[in-house]
Amino acid sequence: MEPKPEMASCVLKTSPIPMKTKLLQQIGLSLYNTSHGFHEEEVKRKLEQFPGGSIDLRKEDSGIGILTLNNPSKMNAFSGVMMLQFLEKVIELENWTEGKGLIVHGAKNTFSSGSDLNAVKALGTPEDGMALCMFMQNTLTRFMRLPLISVALVQGRALGGGAEVTTACDFRLMTTESEIRFVHKEMGVIPSWGGATRLVEIIGSRQALKVLSGALKLDSKKALQIGMVEEVLQSSGETECLREAQEWLQQFIKGPPEVIRALKKSVSSSKELCLEEALQTERDLLGTVWGGPANLEAIARKGKFNK
């Protein structure tokens, strides 16, 4: 008797690695390695040849990190060096144990126009494209697995790879005049940073196919309608929008870091593991907070049903 598809999927995802070990490895674990023909140091050497811009990280005392895509002369397009810096910032955030939330935004009132065409033109072979794809999928998958509740703050345009980055966040906020657009088809390619896969999870396969095949311009009204974004902000200036996004995020990160981080890990694991493994992961995460300071304090307050 052939296994059902869902059973086959579970078998494929199950490994002999003990669940506790797998849980600890999940943060910082990349999708691709040399067994997939991916040679990270070689890719890094190529990307170093394309400078410009930076990825900036500010960690607030509130437990919110502010990650800024900073290359305004090119609409915050990702240079090769920025791709490398993005990975460096993800690794820094993996080690930020006090963190609870993260906002990703672009400098000077726009999000990102995707990849810098100078790098795209120079890395023109299918082999180069595959290597870059694996590098960015590795980085954005590690980003998704961060135990931080993340928000993409979209001002101006999020195009191509910039649109893909928004899908790696847990939530998206837009300003009234902003837009998200997956322009890959018009460039003769498809999303390569994992954006198509994540878009299906966010808005469903039918809507995702429309958005991708039509290279549709998602203004704030349309994006809200199809469930691409949570809210449209009232502010327009960069500083005001950032403040409004922080206020929006605060409602989800109230409480001790260990609890917020465990919640995020639990939800992340449910997206990647089959049911049995996800339940076991939830059990293991519970063991890190049950009987902990926040739990004991809440019980002492008798605050189980009172906010």
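The basis for the numbers below is simple: all heavy atoms, side chains too, and nothing from hydrogens, waters or symmetry mates.
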Peer 1: Measuring from Asn138:CG to Leu31:CG, what's the distance to the nearest 0.5 Å?
Peer 2: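 These two atoms lie 5.5 Å from each other.
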Peer 1: Please confirm whether the backbone N or O of Arg181 pairs with a side-chain atom of Arg157, one donor and one acceptor, at under 3.5 Å?
Peer 2: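 Looks like no, no N/O pair under 3.5 Å.
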Peer 1: Side chains of Leu209 and Arg206: closer than 4.5 Å at any heavy-atom pair?
Peer 2: no
Peer 1: Indicate, with yes or no, if Leu93 and Ile149 share a hydrophobic cluster defined by side-chain heavy-atom contacts under 4.5 Å among Ile, Leu, Val, Met, Phe, Trp and Tyr.
Peer 2: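 Unlinked, Ile149 and Leu93 end up in two clusters.
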Peer 1: Can you list every pair that meets side chain to side chain donor-acceptor pair (under 3.5 Å) and has a residue in residues 62-79, with sequence neighbours left out?
Peer 2: Asp56-Asn70, Thr68-His105, Lys74-Asp116
Peer 1: If you measure only the distance, is there a donor-acceptor pair under 3.5 Å linking the side chains of Glu244 and Ser235?
Peer 2: yes
Peer 1: If I take atom CD from residue Glu94 and atom NZ from residue Lys89, how far apart are they, to the nearest 0.5 angstrom?
Peer 2: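 That separation rounds to 13.5 Å.
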Peer 1: Write down the atom of Thr175, the atom of Cys241, and the distance for their closest heavy-atom approach.
Peer 2: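 Looking at all heavy atoms of both residues, the closest pair is CG2-SG, 3.4 Å.
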Peer 1: Just jot down the ring-ring contact (aromatic ring centres under 6.0 Å, His included) partners of His36, sequence neighbours excluded, or say none.
Peer 2: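 With neighbours one apart ignored, the set is Tyr32.
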Peer 1: When you check the side-chain N and O atoms of Glu238 and Asn109, is any donor under 3.5 Å from an acceptor?
Peer 2: no
Peer 1: Quick test of your reading of the model: are Lys59 and Glu92 salt-bridged, counting only N-O distances below 4.0 Å?
Peer 2: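 Judged by the 4.0 Å cut-off on N to carboxylate O distance, Lys59 and Glu92 do form a salt bridge.
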Peer 1: Between Lys44 and Glu40, is the salt bridge (Lys or Arg N to Asp or Glu O under 4.0 Å) condition met? List the steps.
Peer 2: CA-CA 6 Å; Lys44 285 181 174 180; Glu40 186 173 276; 3.2 Å; yes
Peer 1: Mind checking ring-ring contact (aromatic ring centres under 6.0 Å, His included) for Phe38 and listing every partner two or more places apart, or none if nothing turns up?
Peer 2: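 Partners of Phe38 under the ring-ring contact (aromatic ring centres under 6.0 Å, His included) test: none.
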Peer 1: Rounded to the nearest 0.5 Å, how far does OG1 of Thr166 lie from CZ of Phe182?
Peer 2: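 Phe182 CZ to Thr166 OG1: 5.0 Å, rounded to 0.5 Å.
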Peer 1: Lys185: which residues meet the salt bridge (charged side-chain N to carboxylate O under 4.0 Å, His left out) condition with it, sequence neighbours left out?
Peer 2: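 Lys185 satisfies salt bridge (charged side-chain N to carboxylate O under 4.0 Å, His left out) with no residue once adjacent residues are dropped.
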Peer 1: For Ala122, is there any backbone N or O sitting under 3.5 Å from a side-chain donor or acceptor partner on Lys46?
Peer 2: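 Such a contact is absent between Lys46 side chain and Ala122 backbone.
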Peer 1: Are any side-chain N or O atoms of Arg198 and backbone N or O atoms of Glu164, one a donor and one an acceptor, separated by less than 3.5 Å?
Peer 2: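 At least one qualifying donor-acceptor pair exists.
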Peer 1: Membership question, hydrophobic clusters at under 4.5 Å side-chain separation (ILVMFWY): are Leu218 and Phe171 in the same one?
Peer 2: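 Unlinked, Phe171 and Leu218 end up in two clusters.
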Peer 1: State, to 0.1 Å, how close Gly99 and Pro257 come at their nearest heavy-atom pair, and which atoms those are.
Peer 2: O-CB, 4.4 Å
Peer 1: Going by an N to O cut-off under 4.0 Å, is there a salt bridge joining Glu41 and Arg45?
Peer 2: no
Peer 1: Can you find a heavy atom in the side chain of Ser115 that is under 4.5 Å from one in the side chain of Met83?
Peer 2: yes
Peer 1: Check whether any side-chain heavy atom of Ser220 sits under 4.5 Å from a side-chain heavy atom of Val229, and report yes or no.
Peer 2: no
Peer 1: Identify whether the distance between the nearest side-chain nitrogen and carboxylate oxygen of Arg58 and Glu60 falls below 4.0 Å.
Peer 2: yes
Peer 1: Is there side-chain contact between Gln85 and Val81, with at least one heavy-atom pair below 4.5 Å?
Peer 2: yes
Peer 1: How long is the span from the CD atom in Glu282 to the CG atom in Leu273, to the nearest 0.5 Å?
Peer 2: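 Result: 11.5 Å between the selected atoms.
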Peer 1: Sequence neighbours excluded and cut-off under 3.5 Å, please list the side-chain donor-acceptor pairs for residues 245-253, or say none.
Peer 2:
residue: Trp248; atom: NE1; partner: Glu231; partner atom: OE2; Å: 3.1
residue: Gln251; atom: NE2; partner: Trp248; partner atom: O; Å: 2.9

Peer 1: Looking just at side-chain N and O atoms, do Asp128 and Thr125 make a donor-acceptor pair shorter than 3.5 Å?
Peer 2: yes
Peer 1: Hydrophobic clustering (ILVMFWY, side-chain heavy atoms < 4.5 Å, transitive) - are Leu57 and Leu146 grouped together?
Peer 2: yes
Peer 1: Got a second to check how far Thr176's OG1 is from Gln234's CD, nearest 0.5 Å?
Peer 2: 6.0 Å
Peer 1: Is there side-chain contact between Val154 and Ile180, with at least one heavy-atom pair below 4.5 Å?
Peer 2: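 Side-chain contact under 4.5 Å: yes.
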Peer 1: Give the intermediate values and the outcome of side chain to side chain contact (heavy atoms under 4.5 Å, CB included) for residues Arg172 and Leu153.
Peer 2: CA-CA 6 Å; Arg172 284 146 296 282; Leu153 168 57; over 6 Å; no
Peer 1: Looking at every heavy atom in both Met82 and Gly53, which two are closest together, and how far apart are they?
Peer 2: CG-C, 3.7 Å
Peer 1: Tell me whether Ser112 contacts the main-chain N or O of Ala158 through its side chain, where contact means a donor paired with an acceptor under 3.5 Å.
Peer 2: no
Peer 1: Grouping I, L, V, M, F, W and Y whenever their side-chain heavy atoms are under 4.5 Å apart, do Met187 and Met130 come out in a common cluster?
Peer 2: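 They do not share one cluster, since no chain of ILVMFWY contacts under 4.5 Å joins Met187 to Met130.
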Peer 1: If I compare all heavy atoms of Ala294 with all of Pro256, which pair ends up nearest, and what's the gap?
Peer 2: CB-CG, 3.3 Å
Peer 1: Return the minimal non-hydrogen interatomic distance between Glu186 and Ala215, and the atom names on each side.
Peer 2: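 Closest heavy-atom pair between Glu186 and Ala215: OE2-CB, 4.0 Å.
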Peer 1: Tell me the closest heavy-atom pair linking Ser113 and Ala77, and the distance in Å.
Peer 2: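 That closest heavy-atom pairing would be OG-CB, 3.4 Å.
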Peer 1: Are any non-hydrogen side-chain atoms of Val289 and Asn295 less than 4.5 angstrom apart?
Peer 2: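 Counting from C-beta outward, Val289 and Asn295 never come under 4.5 Å.
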Peer 1: Do the non-hydrogen side-chain atoms of Leu148 and Arg261 ever get within less than 4.5 Å of each other?
Peer 2: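 Yes, at least one pair of side-chain atoms sits under 4.5 Å.
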Peer 1: Restricting to ring-ring contact (aromatic ring centres under 6.0 Å, His included), what partner residues turn up for Phe86, sequence neighbours left out?
Peer 2: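 Phe78, Phe143.
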Peer 1: Just verifying a value: how many Å separate Thr167 OG1 and Leu199 CG, rounded to the nearest 0.5 Å?
Peer 2: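 With rounding to 0.5 Å, OG1 (Thr167) is 7.0 Å from CG (Leu199).
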Peer 1: Check whether any side-chain heavy atom of Arg145 lies under 4.5 Å from a side-chain heavy atom of Thr141, and answer yes or no.
Peer 2: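 Yes, close enough: below the 4.5 Å cut-off.
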